[in-house]
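Here the structure is laid out as structure tokens; the discussion comes afterwards.
For ligands, and for the atoms within them, numbers begin at 1 and follow the listed sequence.
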Amino acid sequence: MKIPFNKPAVLGAEFDNMADALARGHLSGDGYYTKRCHHWLEQRLGCRHALLTHSCTGALDMAAILCDLVPGDEVIMPSYTFVSTANAFVLRGAVPVFVDIRADNLNIDERLIAAAITPRTRAIAAVHYAGVACDMDAVMALASRHNLLVVEDAAQALLATYRGRNLGTIGHMGCISFHETKNLISGEGGALLINDERFAERAEVVREKGTNRSRFLRGEVDKYTWVDIGSSYLPSELVAAFLDAQFAHADEVIARRRAVWRRYHGGLGALAAAGLIELPPASYDDRQANGHLFHVLAATLATRLALAAHLKARGIHSVSHYVPLHSSPAGSKWGRVGSGMKVTDDISDRLLRLPIYFGISDAEVDAVIDAVSQFYARRNTSIA
Ligand SMILES: Cc1ncc(COP(=O)(O)O)c(C=O)c1O
């Protein structure tokens with residue numbers, strides 16, 4: 001592909017940091033670089049505790065354990081999300097209850113949540129799609145009215161904000177991804193943000209295989225032992241060392257991704273005005289996105305497939321997602337729908353993601369815009 005969908009970037013001191021970690025003689029988790037990453041996340045995002053994990057999937061698994069669910073408990077979430085949002089809760093024996101998304105920001109439709117709440121509901125998993133915030137005021141108000149926990153799946157949302165607050169820091173817990181497709185990366189990687197002190201002590205234990213090893217390392221107990229359920233969720237120092245170097249360039253990366261996002265939005269505006277494609281809202285009054293993902297909506301599934309094939313023939317890799325979880329084999333086995341799914345089904349057919357990454361040049365973005373425009377110049381498939 002001449003223009004891949006994603007290209008992971010090394011931004012500065014990644015390899016020096018990794019060599020330094022080796023020189024320090026500590027490569028397992030929770031050493032110098034992990035602590036630096038925790039500190040950066042806590043300061044920069046404004047959360048009580050940040051814990052690096054090996055992935056956002058791992059952070060979601062930890063959050064689900066901390067929710068202390070029993071089999072049959074229900075967790076409300078969008079169907080239009082990555083499998084890990086649901087898997088984490090299914091692993092605890094809980095039932096994902098899928099709710100439709102809003103047509104504007106493709107996030108869970110907060111107006112449909114109340115009707116999906118039952119006596120078994122314990123939590124809401126709020127996924128911030130494309131780094132655009134869910135309506136967190138409405139979600140938090142519902143949660144407090146019904147005594148529910150809120151886990152933010154902020155996998156895509158590092159440094160995006162809602163009413164000035166960083167995503168991942170508003171619910172009881174937040175989960176971040178540093179997978180190679182995300183804005184800041186460590187190959188695989190993630191973090192659990194703990195925003196409610198009640199979960200802090202247990203989170204440390206769950207992350208360290210169910211032991212009180214963290215307390216032992218701080219000299220608070222004289223030996224460590226198995227005290228709870230848990231697994232190995234912490235990444236090695238090599239991963240943390242890489243990530244620490246990425247954090248140093250956070251502002252630059254977000255600024256560039258936002259600029260690429262705006263360039264797409266402007267360059268494709270004429271097609272949207274002509275009714276040939278739909279574009280996401282350019283901006284919001286109360287939330288700021290992080291330029292994580294740029295998508296267009298084609299008129300139909302057939303048009304989306306044809307557009308993707310047209311781009312591919314020109315060396316441009318575009319990507320679609322998600323197969324809605326309610327219609328996936330595992331989702332229909334372990335979950336259930338809690339609302340109609342009209343928007344989810346429609347969006348899943350028509351959405352196409354265009355290449356966006358830190359190193360993409362303006363000329364490459366323009367080449368993608370030209371290729372999309374050329375596709376529509378050859379046919380006249382209107383949205384209407
Ligand atoms: C919404 C959402 N949740 C969870 C994940 C899982 O993240 P990870 O790959 O770090 O496990 C992703 C990854 O793309 C995601 O987009």
For [Y], is there an ion pair with [X] - N to carboxylate O distance below 4.0 angstrom?
{"X": "E74", "Y": "R336", "value": "yes"}
{"X": "D30", "Y": "R207", "value": "yes"}
{"X": "R163", "Y": "D285", "value": "no"}
{"X": "D196", "Y": "R48", "value": "no"}

Please check if any side-chain donor atom of N183 sits under 3.5 Å from a side-chain acceptor atom of R257, or the reverse.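 Side-chain D/A pair, N183 to R257: present.
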
Would you say ligand 1 has an N or O under 3.5 Å from any N or O of [X]?
{"X": "T81", "result": "no"}
{"X": "H179", "result": "no"}
{"X": "Q156", "result": "yes"}
{"X": "S84", "result": "no"}
{"X": "C56", "result": "yes"}

Please determine whether any non-hydrogen atom of [X] lies less than 4.0 Å from an atom of ligand 1.
{"X": "G189", "answer": "yes"}
{"X": "H128", "answer": "no"}
{"X": "Y322", "answer": "yes"}

For atom 10 (O) of ligand 1, the option (of C175, G187, A191, S177) bearing the nearest heavy atom: S177

Provide the number and element of each atom of ligand 1 under 4.0 Å from a heavy atom of [X].
{"X": "V127", "value": "1 (C)"}
{"X": "S55", "value": "10 (O), 11 (O)"}
{"X": "D153", "value": "1 (C), 2 (C), 3 (N), 4 (C)"}
{"X": "K182", "value": "13 (C), 14 (O)"}

Please write down residue, atom name and distance for the protein heavy atom closest to atom 11 (O) of ligand 1. T57 OG1, 2.5 Å

So which protein heavy atom does atom 5 (C) of ligand 1 come closest to, and at what separation? F82 CD2, 3.4 Å

Please report the interatomic distance CD(E188) to NZ(K182), rounded to the nearest 0.5 Å.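 It is 9.0 Å, given to the nearest 0.5 Å.
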
Does the plane of the ring in Y80 sit parallel, tilted or perpendicular to the ring in H321? Use 30° and 60° as the thresholds.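 Rings of Y80 and H321: perpendicular, as their planes differ by over 60°.
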
ring-ring contact (aromatic ring centres under 6.0 Å, His included) partners of residues 223-266, not counting sequence neighbours, each pair once: W40-F247, H54-Y233, F178-F247, F216-Y224, W261-H265, W261-F294, Y264-F294

May I ask you to list the residues sharing a hydrophobic cluster with L301, side-chain cutoff 4.5 Å, ordered by chain and number?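 Besides L301, the cluster holds L305.
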
For Y284, does the six-membered ring have the charged nitrogen or CZ of R287 within the cation-pi criterion, i.e. under 6.0 angstrom from the centroid and within 45° of the normal?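 Yes, R287 lies over the aromatic ring of Y284.
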
